[in-house]
Amino acid sequence: MKKWEMTVPQDVTMRPGMKVLYAENQDTRVNYIKDVVYVKRGDRELHAQLLIPGLYAPELGYIGKYPLVIHVQGSGWGKQNCYMALPNFYPLVQEGYVVASVEHRSSEEAKFPSFLQDVKSSIRFLRAHADEYGI
């Protein structure tokens with residue numbers, strides 16, 4: 001018998017209240033990219049918050065391609081808090097979706113249809129950078 005085998009308990013039965021914990025699977029990792037500038041309107045930069053599943057290798061980029069969900073936060077077309085809803089998207093990202101939470105100009109900054117133009121710009125940006133972000 002090896003020395004380490006003498007110190008490790010050999011009983012493998014489950015006791016009440018015990019549960020099996022598995023190590024983190026590579027597929028359940030969530031990468032967060034903060035404040036990606038997708039368009040500049042005058043002096044104002046508009047940002048997207050990206051949550052990307054899977055592995056990231058600096059030399060390869062994101063490993064894998066995933067479908068994209070774009071989140072436009074409701075705010076009555078006022079100023080948004082782009083970070084507030086991000087934790088709610090972690091389960092969706094762990095299931096294999098890229099989530100982009102996009103910011104738009106408020107109705108106080110610019111009149112209709114500026115917020116629609118901003119969201120369309122975010123879609124064009126994400127399409128153009130799909131390979132870079134694993135979309």
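In this text, all values refer to a predicted model and were calculated from it rather than measured experimentally.
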Hey, mind stepping through Leu68 and Ile123 against side chain to side chain contact (heavy atoms under 4.5 Å, CB included) and telling me if it holds? CA-CA 10 Å; Leu68 173 66; Ile123 294 169; over 6 Å; no
Inspect the surroundings of NZ in Lys120 and state if more than 12 heavy atoms from other residues, nucleotides or ligands are less than 6.0 Å away.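 Open.
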Okay, side chain of Glu103, backbone of Leu46: is any donor-acceptor separation there less than 3.5 Å?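 No: the side chain of Glu103 does not pair with the backbone of Leu46.
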Mark yes or no for whether Gln94, through its side chain, and Val30, through its backbone, hold a donor-acceptor pair below 3.5 Å.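 Between the backbone of Val30 and the side chain of Gln94 there is no qualifying donor-acceptor contact (under 3.5 Å).
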Minimum heavy-atom distance between [X] and [Y], given as atom pair plus value:
{"X": "Gln73", "Y": "His104", "answer": "O-NE2, 4.0 Å"}
{"X": "Tyr66", "Y": "Gly54", "answer": "OH-CA, 3.8 Å"}
{"X": "Ser101", "Y": "Cys82", "answer": "OG-O, 3.8 Å"}
{"X": "Ala110", "Y": "Arg105", "answer": "CB-NH1, 3.8 Å"}
{"X": "His47", "Y": "Tyr38", "answer": "O-CE2, 3.4 Å"}

Just verifying a value: how many Å separate [X] [atom1] and [Y] [atom2], rounded to the nearest 0.5 Å?
{"X": "His129", "Y": "Leu50", "atom1": "NE2", "atom2": "CG", "result": "11.0 Å"}
{"X": "Ile135", "Y": "Leu126", "atom1": "CD1", "atom2": "CG", "result": "5.0 Å"}
{"X": "Leu92", "Y": "His71", "atom1": "CG", "atom2": "NE2", "result": "11.0 Å"}

Regarding Tyr133 and Asn31, do their side chains bring together a donor and an acceptor under 3.5 Å, going by distance alone?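 The criterion, which ignores hydrogens and geometry beyond distance, is not satisfied for Asn31 and Tyr133.
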Is there a donor-acceptor contact under 3.5 Å linking the side chains of Arg41 and Ser114?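 No, no side-chain donor-acceptor contact under 3.5 Å.
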Can you get from Val37 to Val98 by hopping between Ile, Leu, Val, Met, Phe, Trp and Tyr side chains that sit under 4.5 Å apart?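 No, Val37 does not connect to Val98 through the hydrophobic network.
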List the steps and the verdict of side chain to side chain contact (heavy atoms under 4.5 Å, CB included) for Leu51 and Tyr90. CA-CA 8 Å; Leu51 298 170; Tyr90 273 70; 4.1 Å; yes
Under the side chain to side chain contact (heavy atoms under 4.5 Å, CB included) rule, what do Gln49 and Asp35 come out as? Steps first, then yes or no, please. CA-CA 5 Å; Gln49 309 304 314; Asp35 296 333; 2.7 Å; yes
With side chain to side chain contact (heavy atoms under 4.5 Å, CB included) as the criterion, how do Phe89 and Val69 come out once you've worked through the C-alpha distance, each side chain's angles and the decisive distance to 0.1 Å? CA-CA 10 Å; Phe89 298 120; Val69 174; 5.9 Å; no
Decide yes or no for Leu86 and Tyr32: does some side-chain heavy atom of the first lie under 4.5 Å from some side-chain heavy atom of the second?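 Sidechains of Tyr32 and Leu86: in contact.
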